[in-house]
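So the structure is just underneath, and the comments pick up after that.
So that the names make sense, note that chain A is the first sequence line, chain B the second, and so on, each numbered from 1.
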There are 2 protein chains.
Amino acid sequence: MQKSMEKRLESAGWRVGDAADFLELTDEETAFVELKLALADYLRDIRVKHGWTQTYVARVISSSQSRVAKMEAADPSVTVDLLVKSLLALGASRLEVGRVIARAA
Amino acid sequence: MQKSMEKRLESAGWRVGDAADFLELTDEETAFVELKLALADYLRDIRVKHGWTQTYVARVISSSQSRVAKMEAADPSVTVDLLVKSLLALGASRLEVGRVIARAA
DNA sequence: TGACAGTATGTCAGGTCTGATATAACTTGA
DNA sequence: TCAAGTTATATCAGACCTGACATACTGTCA
């Protein structure tokens with residue numbers, strides 16, 4: 001695993017220390033977090049591409065600015081459900097969502 | 001929308017009546033439910049293909065038989081998170097999950 | 001430097017989801 | 001038909017997630 005990914009995982013609220021510590025994450029857990037990170041990144045991409053603020057996005061998806069920030073950070077308190085619903089609310093298609101998830105890790 | 005899909009949505013706990021009632025479901029909501037149904041169907045496919053019982057799957061994913069049944073029925077009380085985690089626990093890859101979601105509605 | 005817009009982080013009450021349990025319904029073979 | 005195996009449905013306490021709010025941080029412009 002690359003350092004950059006470890007950093008993302010850490011800031012996403014997952015402890016990633018030395019090799020021994022890292023073994024605490026099973027393959028499934030890693031896959032799940034990466035999947036969440038992919039959705040989170042995509043959410044930010046869409047927002048930035050359109051020049052929207054987190055506050056604006058929050059209004060569109062009936063949430064709050066702070067939660068949008070947490071979503072983009074793939075915070076552990078954010079579910080895949082919320083990410084997917086948000087993406088759909090912002091106009092992304094089911095096909096798009098699937099492709100984002102399927103993108104090679 | 002086909003009758004068969006309306007039936008799936010209904011049994012998944014979503015009210016689908018006449019045309020007017022149907023309008024209560026927004027496009028996003030429909031896309032989200034269909035996404036869940038796709039994951040649910042895939043979970044059942046994997047299980048049946050391997051000849052596993054719901055009880056066995058429950059043990060593998062550290063859950064209960066009743067919840068596996070609800071998952072396969074795409075019950076409203078089941079989240080996408082749970083479906084995705086379960087699929088990953090059963091050996092499905094992130095790529096596979098993405099493809100299932102992306103499959104044309 | 002200050003003021004401002006935007007983003008990040010911490011907290012929490014209320015609502016939702018989860019595994020577990022009980023039990024009903026369905027299938028299949030003898 | 002009965003019994004055993006499997007799946008479906010109902011319920012609930014405890015765990016978790018959510019939007020909202022407060023506040024801190026960051027960048028930018030004058």
Side-chain angles (χ1 to χ4, degrees), chain A residues 7-16 25-26 28-29 32-33 35-37 39-90, chain B residues 7-15 26 28-29 32-33 35-37 39-90:
Chain A
K7 197 129 181 281
R8 289 301 313 280
L9 291 176
E10 271 185 356
S11 50
W14 301 83
R15 255 178 21 82
V16 178
L25 275 186
T26 67
E28 302 137 49
E29 288 170 338
F32 185 74
V33 175
L35 185 153
K36 259 179 75 170
L37 284 172
L39 292 174
D41 287 348
Y42 193 61
L43 179 64
R44 169 157 288 171
D45 286 349
I46 288 180
R47 180 177 66 80
V48 171
K49 188 176 72 180
H50 287 84
W52 297 333
T53 66
Q54 291 182 344
T55 301
Y56 171 76
V57 169
R59 206 168 54 236
V60 172
I61 68 176
S62 302
S63 182
S64 58
Q65 177 270 322
S66 66
R67 190 136 298 275
V68 173
K70 287 185 213 305
M71 279 194 260
E72 294 187 355
D75 186 282
S77 79
V78 171
T79 61
V80 171
D81 288 65
L82 185 62
L83 284 166
V84 169
K85 282 179 185 168
S86 300
L87 287 172
L88 293 176
L90 291 180
Chain B
K7 196 127 182 280
R8 290 300 316 279
L9 292 175
E10 271 185 357
S11 50
W14 301 83
R15 257 180 19 83
T26 67
E28 304 136 48
E29 287 169 338
F32 185 74
V33 175
L35 185 153
K36 259 179 75 170
L37 284 172
L39 293 174
D41 287 347
Y42 194 60
L43 179 65
R44 169 157 288 173
D45 287 348
I46 288 180
R47 180 177 67 79
V48 172
K49 189 176 72 181
H50 287 84
W52 295 335
T53 66
Q54 291 181 344
T55 301
Y56 171 77
V57 168
R59 206 167 56 235
V60 173
I61 68 176
S62 303
S63 181
S64 58
Q65 176 269 323
S66 66
R67 189 136 300 275
V68 174
K70 287 186 211 309
M71 279 194 261
E72 295 187 354
D75 187 282
S77 79
V78 171
T79 62
V80 171
D81 289 65
L82 186 62
L83 283 165
V84 169
K85 281 179 185 169
S86 300
L87 287 172
L88 294 175
L90 291 180

Point to revise | Sorted by number, the residues of residues 42-55 of chain B with heavy-atom contact under 4.0 Å to DNA chain C | key: none
Point to revise | B/Thr79: side chain to side chain donor-acceptor pair (under 3.5 Å) partners, not counting sequence neighbours | key: none
**Study point:** Approximate separation, where rounding is to 0.5 Å, of A/Ser86 OG and A/Arg47 CZ
**Key:** 12.5 Å
**Study point:** Nucleotide C/dC17, atom C1' - distance to CG of B/Leu83 in whole Å
**Key:** 12 Å
Practice item. Quick one: list whatever passes side chain to side chain contact (heavy atoms under 4.5 Å, CB included) with B/Ser63, sequence neighbours left out. Key: B/Ile61, B/Arg67
Below 3.5 Å, can you tabulate the donor-acceptor pairs from side chains in residues 39-46 of chain B to any protein atom, sequence neighbours excluded?
{"unit_1": "B/Asp41", "atom_1": "OD1", "unit_2": "B/Arg8", "atom_2": "NH1", "d": "3.1"}
{"unit_1": "B/Asp41", "atom_1": "OD1", "unit_2": "B/Arg8", "atom_2": "NH2", "d": "3.3"}
{"unit_1": "B/Asp41", "atom_1": "OD2", "unit_2": "B/Arg8", "atom_2": "NH1", "d": "3.2"}
{"unit_1": "B/Tyr42", "atom_1": "OH", "unit_2": "B/Glu96", "atom_2": "OE2", "d": "2.4"}
{"unit_1": "B/Arg44", "atom_1": "NE", "unit_2": "B/Glu72", "atom_2": "OE1", "d": "2.6"}
{"unit_1": "B/Arg44", "atom_1": "NH2", "unit_2": "B/Glu72", "atom_2": "OE1", "d": "2.5"}

Review point. For A/Asp75 and C/dA8, what is the distance between atoms CG and P respectively, to the nearest whole Å?
Key: 12 Å
**Study point:** NZ on A/Lys85 to OG on A/Ser62, rounded to 0.5 Å
**Key:** 11.5 Å
Exercise for review: Any ring-ring contact (aromatic ring centres under 6.0 Å, His included) involving residues 56-75 of chain A? Give me the pairs, sequence neighbours left out, ordered by first then second residue.
Suggested key: A/Trp52-A/Tyr56
Review point. Between residues 61-72 of chain B and DNA chain D, which residues have a heavy-atom gap below 4.0 Å?
Key: B/Gln65, B/Ser66, B/Ala69, B/Lys70
Point to revise | Rounded interatomic separation in angstrom, taking OH from A/Tyr56 and P from C/dT7 | key: 14 Å
Practice item. Rounded to the nearest angstrom, tell me the gap between atom CG in A/Leu82 and atom C1' in D/dG19. Key: 10 Å
Point to revise | For A/Ala89 against A/Val60, the heavy-atom pair lying closest together | key: O-CG1, 4.1 Å
Exercise for review: Give, for atom NZ of B/Lys70 and atom CD of B/Gln65, the distance between the pair rounded to the nearest 0.5 Å.
Suggested key: 9.0 Å
Study note, to complete from the structure: Taking five pairs at each terminus, the helix from C/dT1-D/dA30 to C/dA30-D/dT1 shows an axis bend, to 10°, of 40°
Exercise for review: Return the minimal non-hydrogen interatomic distance between B/Val80 and B/Lys36, and the atom names on each side.
Suggested key: CG2-CG, 3.6 Å
Practice item. Not counting sequence neighbours, which residues clear side chain to side chain contact (heavy atoms under 4.5 Å, CB included) with A/Ala58? List them please. Key: A/Val68
